[in-house]
**Q** 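Got a structure for you, written out below as structure tokens; questions coming shortly.
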Number of protein chains: 2
Amino acid sequence: MKNKIVRIKDIAEKAKVSTGTVDRVLHKRGRVSKKVEEKVLKIIEEMDYEPNLMARALGSNKIYQIAALIPDHEIDFYWHAPKAGIEKAEKDLKQYGIIVQQYVFDPYDVDSFISKANKLTTDKPDGIILSPIFYRETLPFFEKWKVAEIPFVLFNTQIAECEPLSYIGQDSYQSGFLAGKLIHYGQPDSCSILIAHIDEETSNAAHLLKKEQGFRNYFAQNNLDHQYKILRVELNRSNAAVFMKQLGDIIDSTPDLGSIFVTTSKAHEIAKYLEQRYIKHIKIIGYDLLPPNLYFLNKGTISFLINQNPKGQGYWGIYQLTDSLVFKKEVPIIKYLPLDIVTKENANYYVDDEDAVYLDI
Amino acid sequence: MKNKIVRIKDIAEKAKVSTGTVDRVLHKRGRVSKKVEEKVLKIIEEMDYEPNLMARALGSNKIYQIAALIPDHEIDFYWHAPKAGIEKAEKDLKQYGIIVQQYVFDPYDVDSFISKANKLTTDKPDGIILSPIFYRETLPFFEKWKVAEIPFVLFNTQIAECEPLSYIGQDSYQSGFLAGKLIHYGQPDSCSILIAHIDEETSNAAHLLKKEQGFRNYFAQNNLDHQYKILRVELNRSNAAVFMKQLGDIIDSTPDLGSIFVTTSKAHEIAKYLEQRYIKHIKIIGYDLLPPNLYFLNKGTISFLINQNPKGQGYWGIYQLTDSLVFKKEVPIIKYLPLDIVTKENANYYVDDEDAVYLDI
DNA sequence: TAATTTAATGTGTTCGTAAACATTTTGCTG
DNA sequence: CAGCAAAATGTTTACGAACACATTAAATTA
């Protein structure tokens with residue numbers, strides 16, 4: 001078993017050409033006769049050549065500008081984690097010539113998004129990572145980037161038809177389905193269940209609807225429809241009084257309410273409300289390990305959180321772009337991160353740690 | 001903000017010495033006057049020099065032999081996953097000059113272990129990864145390796161006092177604690193619960209006892225002792241008839257048995273038994289995503305599996321050794337992998353897939 | 001103080017690849 | 001078939017660090 005590492009030079013020797021020719025074949029730079037190209041390709045195949053990524057990155061010695069188009073974490077704290085992931089990746093990958101430029105927009109202001117997206121586009125980066133939270137407004141940019149041949153990676157929100165280099169995030173439908181299971185498991189007896197969409201317009205946020213659909217389908221597929229009554233509500237904290245009243249009305253008018261499934265990262269708002277009213281029998285399941293959510297998780301007010309791994313999403317986005325740009329690797333078009341079930345007893349393994357290390361197998 | 005990457009050459013210029021001198025300072029090779037050394041160190045600090053790991057690995061061009069001392073997966077399928085992780089890591093890290101030599105022993109035969117460990121030791125590898133399932137018999141080897149200055153990494157089974165380069169695995173106590181929570185959550189009413197240790201001597205497997213302790217402490221700390229009656233049993237499949245009889249006796253004599261917590265990867269044995277007897281109301285929680293476990297998880301016979309991520313353990317072990325040997329990075333002494341809660345609805349994100357992606361925070 | 005050892009520092013080559021540059025071969029036109 | 005452009009192929013250097021080797025300066029000895 002010869003384990004010797006095959007180099008370009010070895011291929012060149014075997015093909016009786018120079019390393020330059022092999023290089024041209026490898027990179028499809030042309031200027032190689034068809035006959036020679038075929039021969040070299042065949043030998044590359046035969047010898048099972050694998051490029052030395054270190055030498056490649058070292059030799060090419062390029063700087064890759066990656067643009068990150070992300071919502072302002074000071075406006076919505078949820079975006080703090082992706083930002084942290086992006087920055088961690090930038091730090092880890094700096095040595096490969098990766099530099100990330102952040103374009104931060106207001107997640108509640110479409111114009112801000114468009115403005116930043118325009119600026120980004122004129123800056124002509126080598127790659128783009130973004131969370132396309134404004135569906136309609138993002139589409140024309142996808143076209144521009146495709147024309148300019150700038151690869152882009154989506155995270156958090158999936159838009160299948162835009163043909164990104166990669167999408168990184170969760171399967172919203174399946175996460176709703178999972179939430180159904182968790183509620184059913186902890187609530188074997190007949191009761192009412194509330195789906196709460198908080199602070200987001202479901203009409204403009206397809207992923208929330210997918211979660212709801214998955215959730216409902218869990219009960220439907222398991223023939224539990226007769227056992228549970230599923231309610232839904234859309235709440236908005238912009239008016240605190242209305243928020244409280246709406247929630248209170250539902251709770252008061254639904255005495256057998258057993259669980260609440262919060263489709264956004266705002267489960268802590270429900271938890272706060274229930275605590276204030278000393279309601280203890282209603283179970284909450286929500287998303288994301290934000291500090292206020294973790295607080296109520298540790299108190300037991302929230303039973304489970306499904307981790308969307310937002311930091312990992314940011315990290316992986318940059319990582320995939322690097323794999324593609326620097327190492328010319330193929331990257332998976334869809335990269336679903338696991339649906340981590342987080343509860344008080346295992347939370348500390350998932351919470352964001354400065355020294356977090358990411359690893360890909 | 002100058003983002004230029006600092007090279008040894010830059011340091012040398014600033015310090016008005018040659019790159020060789022800087023190199024000697026960086027590697028503490030001596031032969032440098034104290035005055036110069038201090039100056040160079042100061043400049044390294046000032047300029048925030050970070051070595052280019054690719055250039056380093058490329059330049060040194062060393063082959064690192066890593067020895068993996070692992071149980072035979074054909075005897076216990078559990079070890080298939082760590083082996084796969086090790087092999088995946090070897091493939092990924094081959095380009096950094098990592099070669100892994102496997103020393104496979106019979107997990108039920110101490111002599112086999114000793115023999116392979118001896119062979120390994122005489123081969124003088126540059127690093128070692130092992131799962132020290134035989135506590136007493138491993139201790140003298142730790143001493144030998146320490147004398148020979150060969151770093152070793154433990155996985156799966158932790159031995160704190162041997163001072164390994166790193167331990168990779170789970171917090172057994174906490175995983176038992178988590179199992180307690182999962183059972184409690186799904187079984188709010190008073191009932192009996194069985195802890196089942198299958199196919200392993202608890203006297204020789206401290207981690208199983210830790211799991212049991214964590215499990216019991218969950219109920220104790222939450223003042224649930226009066227509500228649940230916790231039983232325990234040690235079963236062994238070596239005699240199938242005895243196994244069935246023991247299990248049957250417990251089930252028959254405990255009409256209010258609500259859940260079974262299996263501390264090993266053999267939950268499927270319990271599931272098989274319950275199915276044969278058409279018992280559906282007893283919930284099972286176990287460990288590890290082995291095919292038979294997944295089979296019963298998907299059928300709903302097993303409620304949850306706690307994933308020990310054995311493939312990740314193998315992968316990480318090699319990875320940590322590489323970080324230490326090739327890149328001279330500091331590696332964490334203890335690396336606890338997350339306690340993944342796996343159920344039918346999220347299992348496919350955790351099962352071993354050739355292109356599996358591991359992500360650690 | 002010249003000779004010689006030893007400490008201190010400098011220089012050049014190497015790793016595998018990329019890419020600029022240099023040379024040779026081919027094909028075509030007049 | 002000379003002349004020349006274009007295509008094909010070969011050669012060299014650079015990337016950043018490691019390390020062997022070469023050189024210089026300082027210290028010691030005769």
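Throughout, protein chains are lettered first and strands after them, A, B, ... in sequence-line order, and every chain is numbered starting at 1.
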**Q** May I have the distance from A:His27 (atom NE2) to C:dT17 (atom C1'), rounded to whole angstrom?
**A**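 One finds 8 Å between C1' of C:dT17 and NE2 of A:His27, rounded.
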**Q** If we check side chain to side chain contact (heavy atoms under 4.5 Å, CB included) with B:Val25, which of these qualifies: B:Ile11, B:Ile8, B:Ile43, B:Val32?
**A**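 That would be B:Val32; it is the only one of B:Ile11, B:Ile8, B:Ile43, B:Val32 passing the side chain to side chain contact (heavy atoms under 4.5 Å, CB included) with B:Val25.
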**Q** Under 30°, 30 to 60°, or over 60°: which ring-plane class applies to B:Phe113 and B:Phe141, parallel, tilted or perpendicular?
**A**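 Perpendicular: the ring planes of B:Phe113 and B:Phe141 meet at over 60°.
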**Q** Angle between the end axes of the helix from C:dT1-D:dA30 to C:dG30-D:dC1, five pairs per end, to the nearest 10 degrees?
**A**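 The angle separating the two end axes equals 60°.
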**Q** Using a cut-off of under 3.5 Å, enumerate the N/O to N/O pairs linking the protein to nucleotides 9-13 of chain D.
**A**
| from | atom 1 | to | atom 2 | distance (Å) |
| --- | --- | --- | --- | --- |
| D:dT9 | OP1 | A:Ser33 | OG | 3.2 |
| D:dT9 | OP2 | A:Ser33 | N | 2.8 |
| D:dT9 | OP2 | A:Ser33 | OG | 3.2 |
| D:dG10 | OP2 | A:Ser18 | N | 2.5 |
| D:dG10 | OP2 | A:Ser18 | OG | 3.2 |
| D:dG10 | OP2 | A:Thr21 | OG1 | 3.2 |
| D:dG10 | N7 | A:Arg24 | NH2 | 3.0 |
| D:dG10 | O6 | A:Arg24 | NH1 | 3.0 |

**Q** For the CZ atom of A:Arg29 and the OG1 atom of A:Thr21, what is their distance to the nearest 0.5 Å?
**A**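 The OG1 atom of A:Thr21 is 11.5 Å from CZ of A:Arg29, to the nearest 0.5 Å.
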**Q** Distance check: side-chain N/O of A:Arg29 vs OP1/OP2 of C:dA19, anything under 4.0 Å?
**A**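 So the side chain of A:Arg29 is within the cut-off, an N or O lying under 4.0 Å from OP1 or OP2 of C:dA19.
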**Q** What is the distance, to the nearest angstrom, from the CE atom on A:Met54 to the C1' atom on C:dT14?
**A**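 Rounded to the whole Å, the gap is 14 Å.
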**Q** How would you label the contact of A:Asn52 with the nucleic acid (heavy atoms, under 4.0 Å): base, sugar-phosphate, or nothing?
**A**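 Counting heavy atoms under 4.0 Å across all strands, the contact made by A:Asn52 is with sugar-phosphate only.
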**Q** Hey, does A:Leu58 reach any base, or is it just sugar-phosphate, or nothing, if we go heavy atoms under 4.0 Å?
**A**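 Result for A:Leu58 = base.
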**Q** Does the ring center of B:Tyr96 lie less than 6.0 Å from the ring center of B:Tyr64?
**A**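 For B:Tyr96 and B:Tyr64, the ring centres are not under 6.0 Å apart.
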**Q** Between the side chains of B:Gln320 and B:Lys335, does any donor sit under 3.5 Å from an acceptor?
**A**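 No, B:Lys335 and B:Gln320 have no side-chain donor paired with an acceptor closer than 3.5 Å.
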**Q** To the nearest angstrom, how far is A:Leu26 atom CG from C:dG16 atom P?
**A**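 Checked: the CG to P distance equals 15 Å.
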**Q** For A:Pro310 and A:Ala81, which heavy atoms make the closest approach, and how far apart are they?
**A**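 In terms of heavy atoms, the two residues are closest at CG-CB, 3.5 Å.
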**Q** Which whole-number value in Å describes the distance from B:Glu50 CD to D:dA17 P?
**A**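 Answer to the nearest Å: 11 Å.
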**Q** Compare every heavy atom of A:Tyr167 with every heavy atom of A:Asn156, then report the nearest pair and how far apart it is.
**A**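 Answer, listing the atom of A:Asn156 first, then A:Tyr167: O-OH, 3.5 Å.
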**Q** Write down the distance between CE (B:Met47) and P (D:dG16), rounded to a whole number of angstrom.
**A**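 To the nearest whole Å, that distance equals 13 Å.
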**Q** Whole angstroms only, please: what is the CG-C1' distance between B:Asp23 and C:dT14?
**A**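 To the nearest whole Å, that distance equals 14 Å.
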**Q** Whole-Å distance between D:dA18 C1' and B:Leu53 CG?
**A**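 Nearest whole value for this atom pair: 14 Å.
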**Q** If you compare every side-chain N and O of A:Arg7 against the phosphate oxygens of C:dG16 (OP1, OP2), does one of them come in below 4.0 Å?
**A**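 So the side-chain polar atoms of A:Arg7 do come within 4.0 Å of the phosphate oxygens OP1 or OP2 of C:dG16, strictly under.
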**Q** Take the protein atom CG of A:Asp10 and the nucleotide atom C1' of C:dT17, then report the distance between them rounded to whole Å.
**A**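 For the pair A:Asp10 CG and C:dT17 C1', the rounded distance is 13 Å.
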**Q** Does this structure show an ion pair linking A:Asp92 with A:Lys88, if we count only N-O contacts that are shorter than 4.0 Å?
**A**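 A salt bridge links A:Asp92 with A:Lys88.
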**Q** So, is A:Lys62 near the phosphate of C:dA19, with a side-chain N or O under 4.0 Å from OP1 or OP2?
**A**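 True: A:Lys62 side-chain N/O within range (under 4.0 Å) of C:dA19 OP1/OP2.
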**Q** Ignoring backbone atoms, establish whether B:Tyr49 has a side-chain N or O less than 4.0 Å from OP1 or OP2 of D:dA17.
**A**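 Answer is yes, contact under 4.0 Å.
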**Q** Would A:Ile114 and A:Phe105 count as a side-chain contact (heavy atoms from CB on, under 4.5 Å) if you check the C-alpha gap in whole Å, the side-chain angles of each, and the deciding distance to 0.1 Å?
**A** CA-CA 9 Å; A:Ile114 294 175; A:Phe105 64 89; over 6 Å; no
